[in-house]
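These notes concern the structure reproduced below.
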Amino acid sequence: MTETPQAKQPLTSLPGKALYIAPSILAADFSRLGDDLRQASTGGADMVHIDIMDGHFVPNLSMGPGVVQAIRPVTALPFDVHLMLSEPGRYLEPFVAAGADHLTIHVESRGDLPAIIAEIHRLGCSAGITLRPGTPAIALAPYLEMVEMVLVMTVEPGFGGQSFMAGQLPKITAIRRMMRDRGRDNMLLQVDGGVGSKTAQQVILAGANVLVAGSSVFNAPNGIQDAISGLRALV
Ligand SMILES: O=C(CO)[C@H](O)[C@H](O)COP(=O)(O)O
Ligand SMILES: [Fe+2]
């Protein structure tokens, strides 16, 4: 029997909330990925953050469309896919067919980025743009009107479980200001890397409204649901 594909849920279809929590499954226990994901889903997550690494753009490999497809039936939450790929344009269709609802590309990656963003939209997904810690906020300016979300990396992309880079906080503030100046203050501003109970408050105060949390959720001492509730209680 062929399964009917789930209708796309671009992040523009999220219910209005002051804060969204996006657990990153990179920190889940891969031997029981479905169970961990189910706990995050019933525990109050708003979307699932999925890190895709090609061993070239970043010095690590993670997962491909097969894993995304395998976990698609586990939860109805939107899949927020962070593409750490040198050539993201080559892989949009496989990830969308596997169940992605949102694709974020890096401003430092290769290709015609406006065309890639347009293709993400054509495929029924929302689009995001992100930047490495060393890339200045102004690099995003040409793309701000084209995307629904900006992601600020607060670790060097490639690995989970790294320490939060507080030096990126002014960049979050600057990007939120750029959004306001362009009348786009309703945009999502996501922060990814080392976000947990000790760092989330600063990130929210700087202007973020989507928290990616890997280790702090999946390795939490009191469980996944408790960690998500703890982050949610910050606003
Ligand atoms: O994009 C990423 C790494 O490149 C991950 O999303 C991020 O590192 C999340 O993990 P943690 O919350 O453990 O830092
Ligand atoms: Fe990520």
Side-chain angles (χ1 to χ4, degrees), residues 11 19-30 33 36-37 39-40 43 45-64 67-68 71 77-86 88 91 95 100-109 125-135 147 149-169 171-172 188-204 208-221 223-224 226-228 230-232 234:
L11 298 188
L19 184 69
Y20 301 93
I21 313 286
S24 164
I25 59 166
L26 191 63
D29 179 344
F30 277 23
L33 183 53
D36 274 11
L37 178 53
Q39 281 189 55
D46 296 296
M47 65 188 84
V48 181
H49 185 83
I50 305 177
D51 291 299
I52 310 297
M53 307 177 183
D54 66 356
H56 186 262
F57 185 78
V58 291
N60 198 8
L61 292 160
S62 59
M63 50 201 128
V67 174
V68 177
I71 59 172
L77 289 177
F79 277 4
D80 152 36
V81 177
H82 174 190
L83 296 176
M84 286 163 270
L85 307 176
S86 293
Y91 300 95
F95 282 107
D101 297 289
H102 171 94
L103 295 169
T104 293
I105 61 168
H106 270 263
V107 74
E108 306 89 354
S109 54
C125 296
S126 49
I129 189 101
T130 183
L131 69 184
R132 292 177 181 278
T135 303
V147 295
M149 185 168 86
V150 169
L151 162 58
V152 175
M153 292 302 301
T154 44
V155 296
E156 203 55 63
F159 300 90
Q162 302 182 75
S163 298
F164 177 76
M165 297 168 78
Q168 297 301 305
L169 288 166
K171 190 191 280 180
I172 301 170
L188 297 169
L189 208 175
Q190 184 178 57
V191 174
D192 183 6
V195 176
S197 57
K198 293 196 174 70
T199 54
Q201 191 77 63
Q202 310 163 64
V203 160
I204 295 165
N209 58 358
V210 189
L211 305 181
V212 175
S215 313
S216 70
V217 164
F218 289 106
N219 302 332
I224 293 170
D226 180 75
I228 294 173
L231 291 172
R232 174 98 48 222
L234 291 170

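Just the heavy atoms: all of them, side chains too, but no hydrogens, waters or symmetry mates, feed the values below. Counting convention: from 1, in listed order, for ligands and their atoms alike.
Using a distance-only test at 3.5 Å, with no hydrogens or angles considered, no donor-acceptor pair links the side chain of D80 to the main chain of H102. Although no hydrogens or angles enter the test, the distance criterion places no donor-acceptor pair under 3.5 Å between the side chain of T135 and the main chain of E108. Here the side chain of N209 pairs no donor or acceptor atom with the backbone of L188 at under 3.5 angstrom. Judged by distance alone, the side chain of T130 and the main-chain N or O of I105 form no donor-acceptor pair under 3.5 Å. A donor-acceptor pair under 3.5 Å is absent between the side-chain atoms of N60 and the main chain of F159, judged by distance alone.
Listed by chain and number, H49 NE2, D51 OD1, H82 ND1, D192 OD2 are the protein N/O/S atoms closer than 2.8 Å to the Fe ion (ligand 2), with waters left out.
For ligand 1, the 4.0 Å heavy-atom shell contains residues S24, H49, D51, M53, H82, M84, M153, P157, G158, F159, G160, G161, D192, G193, G194, V212, A213, G214, S215.
Residues V67 and L33 are in side-chain contact: their nearest non-hydrogen atoms beyond the backbone lie under 4.5 Å apart. Two residues are said to be in side-chain contact when any heavy atoms from C-beta on lie closer than 4.5 Å; F30 and D36 fail this criterion. Side chains of I71 and I50 form a contact here, defined as non-hydrogen atoms less than 4.5 Å apart.
Side-chain N/O atoms of H82 and T104 include no donor and acceptor closer than 3.5 Å.
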